Amino acid sequence: MVAGKQILIVDDEDSIADMIADALRDEGYTVEVAYDGRRGLEAAQRIQPALVLTDVMMPFMDGIKMAELVQREFGPSAPSFVFMSAVDCRDQTQLYGQFLFKPFTLDILFDTVETLMNN
């Protein structure tokens, strides 16, 4: 069991968000899910996660804007971010965190999460 550190998953594709959440829960992580950027921002403010896995392109607020607002609000205690997208937008996300191309394997997801959660 991975105690004390919560992960927030933000993706407007419910099936992807739920699949990632279930896989991480099976690995012992505590996970919360939000299905758009605005709800993701609200959840981040409420739970103060250690890590946010977010889609880039979403309704109401994209993942990059959400990361910008979270980092501005949290300052040095801001969570790590991993952006997930089928579109290469690494140049836009590099200021805020890591990038995973969709689709990715669970092994890549687990390796990325483990590395960031243990830092």
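This is a predicted model, so every value here is computed, not measured.
- The two residues L41 and M66 make their nearest non-hydrogen contact at N-SD, 3.6 Å.
- Between M84 and the options T112, V56, D11, a side-chain contact (heavy atoms from CB on, under 4.5 Å) holds for only D11.
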Could you walk me through whether E32 and I7 pass the side-chain contact (heavy atoms from CB on, under 4.5 Å) test, one step at a time? CA-CA 6 Å; E32 179 145 339; I7 298 172; over 6 Å; no
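- With sequence neighbours left out, D111 forms a side-chain contact (heavy atoms from CB on, under 4.5 Å) with no residue at all.
- Contacts classified as salt bridge (Lys or Arg N to Asp or Glu O under 4.0 Å) and involving residues 49-61 (residues at least two apart or in different chains) are given here: D55-K102.
- Taking 4.5 Å as the limit, every side-chain heavy atom of V31 sits out of range of all side-chain heavy atoms of D22.
- The two residues Q71 and Y96 make their nearest non-hydrogen contact at OE1-CD2, 3.0 Å.
- Between the CD atom in Q45 and the CD1 atom in I47 there is a gap of 11.0 Å [rounded to 0.5 Å].
- Not one N or O on the side chain of D62 forms a donor-acceptor pair closer than 3.5 Å with the backbone of M58.
- Residues in residues 76-87 take part in no side chain to side chain donor-acceptor pair (under 3.5 Å) pair, two or more places apart or across chains.
- Considering only heavy atoms from C-beta on, V82 stays 4.5 Å or farther from L109 through its side chain.
- Between P79 and F74, the shortest heavy-atom contact is CD-CD2, 4.2 Å.
- Atom CD1 of I9 and atom CZ of R25 lie 7.0 Å apart (nearest 0.5 Å).
- Residues forming a side-chain contact (heavy atoms from CB on, under 4.5 Å) with R38 (at least two apart in sequence, or on another chain): D36, E42, F60.
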L100/F83 under side-chain contact (heavy atoms from CB on, under 4.5 Å): CA gap, chis, key distance, verdict: CA-CA 6 Å; L100 292 179; F83 296 92; over 6 Å; no
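- One finds the CE atom of M57 at 9.5 Å from the CD atom of E13 (value rounded to the nearest 0.5 Å).
- Minimum interatomic distance between G40 and L8 (heavy atoms only, all atoms of both residues): O-CD2, 3.4 Å.
- Annotation: the span from L51 atom CG to Q98 atom CD amounts to 9.0 Å, rounded to 0.5 Å.
- Partners of F101 by side-chain contact (heavy atoms from CB on, under 4.5 Å), not counting sequence neighbours, listed by chain and number: D88, R90, F99.
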Could you give me the CA-CA distance, side-chain angles and deciding distance for K5 and T30, then say whether side-chain contact (heavy atoms from CB on, under 4.5 Å) is met? CA-CA 7 Å; K5 293 186 176 182; T30 302; over 6 Å; no
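- Once rounded to the nearest 0.5 Å, the distance linking CD1 of I20 with CG of L106 reads 8.5 Å.
- The closest side-chain heavy-atom distance from V70 to V52 is not below 4.5 Å.
- One distance of note links CG of D12 with CZ of R39; it measures 11.0 Å at 0.5 Å rounding.
- Every pair passing salt bridge (Lys or Arg N to Asp or Glu O under 4.0 Å) that includes a residue from residues 70-82 is listed here, sequence neighbours excluded: E68-R72.
- Here the side chains of D14 and Y35 are in contact, with some heavy-atom distance below 4.5 Å.
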